[in-house]
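I have placed the structure first, in the form of structure tokens, so that the comments after it can refer back to it.
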Amino acid sequence: QVQLVESGGGLVQAGGSLRLSCAASGRTFSTYAMGWFRQAPGKDRELVTIINWSGSRTYYADSVKGRFTISRDNVKNMGYLQMNSLKPEDTAVYYCAVGRTGGIMASGYDYWGQGTQVTVSS
């Protein structure tokens, strides 16, 4: 059983930055792919970025490429999402998730955090 807790969300002006953290329990964290998803009011949950178990490969949605950076520290059981040049359309609840399969589909993730709110004002 893996438990995930996101933190670091908040209110920021357009063009600003936030760093989200995902604290994971369980010794198996380092064997899982980790993804960040987000969901805005009235919209479907969408994939933001993925990092594989070792951190050697990453994937970014076109909407965040060049602005967001995903990373992980398997020794500390922590995942991170650095968000720069934030736009109002980035406003959403952000979720971290881990799974043995991973990939672009939400079904590839077995454990989810409760989410953290990110609000970007213009």
Side-chain angles (χ1 to χ4, degrees):
Q1 184 72 34
V2 177
Q3 297 180 72
L4 305 173
V5 179
E6 303 98 333
S7 62
L11 176 64
V12 65
Q13 296 288 313
S17 298
L18 284 173
R19 182 179 173 87
L20 305 185
S21 298
C22 179
S25 69
R27 198 170 302 278
T28 57
F29 172 76
S30 63
T31 72
Y32 288 133
M34 182 183 73
W36 287 91
F37 293 75
R38 66 186 182 186
Q39 187 166 24
K43 304 187 72 175
D44 293 333
R45 186 170 299 184
E46 65 174 345
L47 174 67
V48 178
T49 179
I50 311 166
I51 190 167
N52 74 336
W53 67 271
S54 68
S56 63
R57 293 189 293 177
T58 59
Y59 167 88
Y60 296 92
D62 289 342
S63 59
V64 306
K65 197 171 299 181
R67 300 188 298 120
F68 290 12
T69 303
I70 188 172
S71 61
R72 68 190 299 165
D73 185 334
N74 288 339
V75 174
K76 297 181 178 179
N77 279 2
M78 294 288 291
Y80 304 97
L81 180 63
Q82 179 67 46
M83 305 185 295
N84 298 327
S85 302
L86 283 162
K87 305 174 180 179
E89 52 261 46
D90 295 319
T91 296
V93 177
Y94 283 71
Y95 301 88
C96 67
V98 299
R100 193 67 184 264
T101 301
I104 64 173
M105 302 293 292
S107 60
Y109 299 87
D110 303 305
Y111 303 100
W112 295 77
Q114 82 293 328
T116 186
Q117 176 70 48
V118 172
T119 303
V120 184
S121 62
S122 60

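- Applying the side-chain hydrogen bond (donor to acceptor under 3.5 Å, both in side chains) test to D44 and every residue at least two apart in sequence or in another chain returns nothing.
- Of all non-hydrogen atoms in A14 and S122, the two that sit nearest each other are CB-CA, 4.3 Å.
- Under the 4.5 Å side-chain heavy-atom criterion for grouping Ile, Leu, Val, Met, Phe, Trp and Tyr, V98 is not connected to Y59 through any hydrophobic cluster.
- Between the side chain of T116 and the backbone N or O of E6, no donor-acceptor pair lies under 3.5 Å.
- For residues 99-112, no pair satisfies side-chain hydrogen bond (donor to acceptor under 3.5 Å, both in side chains), with sequence neighbours left out.
- Note that the OG atom of S56 and the CD1 atom of I51 stand 8.0 Å from one another [nearest 0.5 Å].
- Summarising the geometry of A33 relative to G102, their closest heavy-atom pair is CB-CA, 3.9 Å, with the distance given to 0.1 Å.
- The same ILVMFWY cluster, assembled from side-chain heavy atoms under 4.5 Å apart, contains both M34 and V48.
- In the hydrophobic clustering of ILVMFWY residues, with side-chain heavy atoms under 4.5 Å counting as a link, L11 and L86 come out apart.
- The backbone N or O of A92 lies less than 3.5 Å from no partner atom in the side chain of Q39, so there is not a single donor-acceptor pair.
- Judged purely by atom type and a 3.5 angstrom limit, E46 has no side-chain atom pairing as donor or acceptor with the backbone of R38.
- When all heavy atoms of F29 and A24 are compared, the pair lying nearest together is CD1-CB, 3.4 Å.
- Looking at I50 and I70, their side chains never come closer than 4.5 Å, going by heavy atoms from C-beta outward.
- At most 12 non-hydrogen atoms from other residues, nucleotides or ligands lie less than 6.0 angstrom from CD of Q3.
- Looking at residues two or more places apart in sequence or on another chain, you find a side-chain hydrogen bond (donor to acceptor under 3.5 Å, both in side chains) between T119 and Q117.
- Screening residues 6-60 for disulfide bond (SG atoms under 2.5 Å apart), with sequence neighbours left out, gives C22-C96.
- Scanning all heavy atoms of the two residues, the minimum distance from Q114 to Y95 falls at O-CE2, 3.5 Å.
- A donor-acceptor contact shorter than 3.5 Å links the side chain of N77 to the backbone of G26.
- Between T49 and F68, every side-chain heavy-atom pair lies at or beyond the 4.5 Å cut-off.
- With sequence neighbours left out, the salt bridge (Lys or Arg N to Asp or Glu O under 4.0 Å) criterion links R67 to D90.
- Shown here for R72 and Y32, the closest heavy-atom pair between the two residues is NH1-O, 2.8 Å.
- Nearest heavy atoms, L47 versus I104: CD2-CA, 3.6 Å.
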Just distance, no hydrogens or angles: give the donor-acceptor pairs under 3.5 Å from side chains in residues 78-85, sequence neighbours left out.
residue	atom	partner	partner atom	Å
Q82	NE2	N84	OD1	3.0
N84	OD1	S17	OG	2.9

